[in-house]
Protein chains: 2
Amino acid sequence: MARTTGSHSDITGPRIRDVAMRLFAQHGYAAVSMRQIASDVGVQAGALYNYTPDKQSLLFGLMQGHMEDLLAARAARDVPEDSLAQLEDFTRFHIAFHMERADAVFVSYMELRSLSDENFATIETLRRRYEDELEQILRQGVCTGVFSVPDTKIATLALIAMLTGVNTWYRTGGRLSVEEVETIYWDMVRKAVAP
Amino acid sequence: MARTTGSHSDITGPRIRDVAMRLFAQHGYAAVSMRQIASDVGVQAGALYNYTPDKQSLLFGLMQGHMEDLLAARAARDVPEDSLAQLEDFTRFHIAFHMERADAVFVSYMELRSLSDENFATIETLRRRYEDELEQILRQGVCTGVFSVPDTKIATLALIAMLTGVNTWYRTGGRLSVEEVETIYWDMVRKAVAP
DNA sequence: GTCTATACATGGATAGAC
DNA sequence: GTCTATCCATGTATAGAC
C-alpha cells in the first residue's frame with residue numbers, strides 16, 4: 001500500500017539511535033550537535049524532534065537501552081552450580097557482550113556525567129544491579145573457600161574494570177578471536193581470586 | 001615593592017590550570033566554556049588568552065604535564081632487583097600516584113578524543129612509554145619463570161585497567177587508607193600473574 | 001595584565017508550510 | 001513526517017582602552 005513520500009518513521013527512529021550512539025562514542029555527547037546527527041541520518045535537524053523531546057532524552061534512552069539489554073542478556077543465561085563455573089561464565093559473558101557493543105559500552109561509561117541528576121540515578125541503579133551479580137558470586141565462593149579476596153566489593157570493581165578494559169585495545173578483525181580473548185582474561189581472573 | 005593593580009601573572013596562570021583541570025574532569029572538555037573557567041578563576045574571559053593561545057592548547061598542556069609528572073615520578077624511583085619486587089613497586093606506585101591525582105587521571109583518559117591529531121600522538125607516545133615499563137617487568141618475570149601470563153601485552157593493559165579503576169570508586173577520607181588499597185590490589189595483581 | 005565590548009560561528013529548539 | 005526558516009542563547013576568540 002502507498003505511503004506518503006518522505007515518511008519513514010519505522011526506519012528513521014532506529015537510524016537516529018544508531019548514528020547518535022556512534023557519534024557520541026566518537027566525539028562525546030557535548031561535542032556532537034543535533035545538526036550533525038541529522039546530517040548523518042539524512043534528515044534536517046528539526047525532524048529529529050519527532051523522535052526525541054530533546055538531546056538529553058536521546059542520550060538517556062541509549063544508555064538505558066544498553067543497560068537493559070545487558071541485564072536481560074545476563075538473566076537469559078543458565079547459571080552453573082559451583083562458584084568457579086559461575087565466575088568463568090560471568091567473565092566470558094561480560095567480555096563477549098562488551099566486545100560486541102564497543103560504542104554502547106563507551107558511551108554508557110563516559111557520558112555518565114552528561115546525564116541529568118534524575119537520569120543518572122536511574123542508570124546507576126541498573127549498573128549496580130549488574131555489579132551485584134558478580135559480587136554475589138565472589139561472596140559465595142569466599143564463604144565456601146573456593147575464592148579468597150581481600151574485599152569482595154573492591155574485587156568486584158577491580159575485575160569489572162579489568163574486563164571492560166578490553167574495549168580500549170580490542171579491534172574487530174585483529175589477531176585474536178573473541179573466544180581467545182575470553183580465555184586469556186579468564187586465566188587472569190581465575191588466578192586473581194584464587195585462595 | 002609596588003605592583004601594578006590587577007597584575008597577577010604568577011598567580012593567575014596556575015589558577016587557570018587548576019580550575020580548568022577540575023572543570024574538565026567534572027563536566028568534560030567540550031561542555032566547559034572559557035567563560036566558565038574565567039568566572040571560576042575570577043577574571044574575564046579575554047584575560048585567559050594571556051596564558052593560553054586557545055582552549056585546545058590549555059587541554060593539551062594539562063595532559064602533557066600530567067604524563068610528564070607521571071614519567072618523572074616513576075623514573076625517580078629506585079628499581080628493585082627481582083621481578084616480583086618490581087611488580088609490587090609498580091603496583092603501589094601506580095595506585096598511590098593515580099589516587100592523588102584523580103582529576104588529572106580522569107581528564108587524561110577521557111579527553112584523548114578531544115585532542116587534535118598531533119596532540120593526541122604526543123600524549124599517546126608518553127602513555128605508551130609508561131605502559132612499556134610494566135610490560136618489561138612482566139616479560140622478564142615470564143622469562144625467568146616468576147610469572148606466567150597468556151600474553152604480556154594484554155596482561156599489561158589488563159593490570160593497568162584494573163589499577164586505574166581505583167579512581168572510579170575511591171574517595172579521599174573513606175574507610176581505607178592509600179596503603180590499604182595498595183595492599184588489596186597488590187594481592188590480586190600478584191596472584192593474577194602467578195605461575 | 002585585565003577590562004569592556006564585540007565580531008562571528010554554532011548551538012538547541014520551535015513554528016508553520018507541505 | 002519532513003522541510004525551511006528562524007528565534008535566541010551561548011560559544012571562541014580578538015581589539016582596544018586603562
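Chain naming here is simple, since letters A, B, ... match the order of the sequence lines and numbering starts at 1 in each. All figures in this text were calculated on a predicted structure; none of them were measured in a lab. Any value given below was found using the heavy atoms of this structure, including those in side chains, with hydrogens, waters and symmetry copies removed.
- Residue Q44(A) places its side chain closer to dC3(D) than to any other of dC3(D), dC3(C), dA13(C).
- For the pair R74(B) and F93(B), the cation sits on the ring face: its NZ or CZ lies under 6.0 Å from the ring centre, inside 45° of the axis.
- Rounded to a whole Å, the OH atom of Y49(A) is 16 Å from the C1' atom of dT4(D).
- Remark: P of dT12(D) and CG of L59(B) are 13 Å apart, rounded to the nearest angstrom.
- Rounded to a whole Å, the CD1 atom of I37(B) is 11 Å from the C1' atom of dT12(D).
- For the pair L48(A) CG and dT14(C) C1', the interatomic distance rounds to 13 Å; values are reported in whole Å.
- At dT2(D), one or more side-chain N or O atoms of Y51(A) fall inside 4.0 Å of OP1 or OP2 (strictly under the cut-off).
- Within the structure, every side-chain polar atom (N or O) of S33(B) is placed at least 4.0 Å from both OP1 and OP2 of dT10(D).
- For T12(A) and dT2(D), the shortest distance from a side-chain N or O to OP1 or OP2 is below 4.0 Å.
- If you measure from atom CG of L58(A) to atom P of dG12(C), you get 11 Å, rounded to the nearest angstrom.
- Under 3.5 Å, the side chain of R35(B) and the base of dT12(D) form at least one donor-acceptor pair of N or O atoms.
- Counting heavy atoms from C-beta on, the side chains of F106(B) and N167(B) never come closer than 4.5 Å.
- Heavy-atom nearest nucleotides on DNA chain C were determined for M34(A) and for G42(B), and the one closer to the 5' end corresponds to G42(B).
- Taking every side-chain heavy atom of N50(B) into account, dT2(C) is the closest of dA13(C), dT2(C), dA13(D).
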Can you list the steps and then say if R190(A) with D187(A) is a salt bridge (Lys or Arg N to Asp or Glu O under 4.0 Å)? CA-CA 5 Å; R190(A) 176 179 54 77; D187(A) 179 72; 2.7 Å; yes
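- For the pair D54(A) CG and dG11(C) C1', the interatomic distance rounds to 14 Å; values are reported in whole Å.
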Test side-chain contact (heavy atoms from CB on, under 4.5 Å) on Y29(B) and K55(B) and set out the steps. CA-CA 9 Å; Y29(B) 171 76; K55(B) 193 185 175 190; 3.5 Å; yes
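- Among the heavy atoms of the strands lying under 4.0 Å from V32(B) are primed sugar atoms or P, OP1, OP2 only; no base atom is included.
- Separating the NE2 atom of H27(A) from the C1' atom of dG11(C) is a distance of 16 Å, rounded to the nearest angstrom.
- The CD-C1' distance, from Q36(A) to dA9(C), rounds to 15 Å in whole Å.
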Please assess D40(B) against R15(B) for the test salt bridge (Lys or Arg N to Asp or Glu O under 4.0 Å), listing each intermediate value before the final yes or no. CA-CA 9 Å; D40(B) 279 27; R15(B) 267 188 61 74; over 6 Å; no
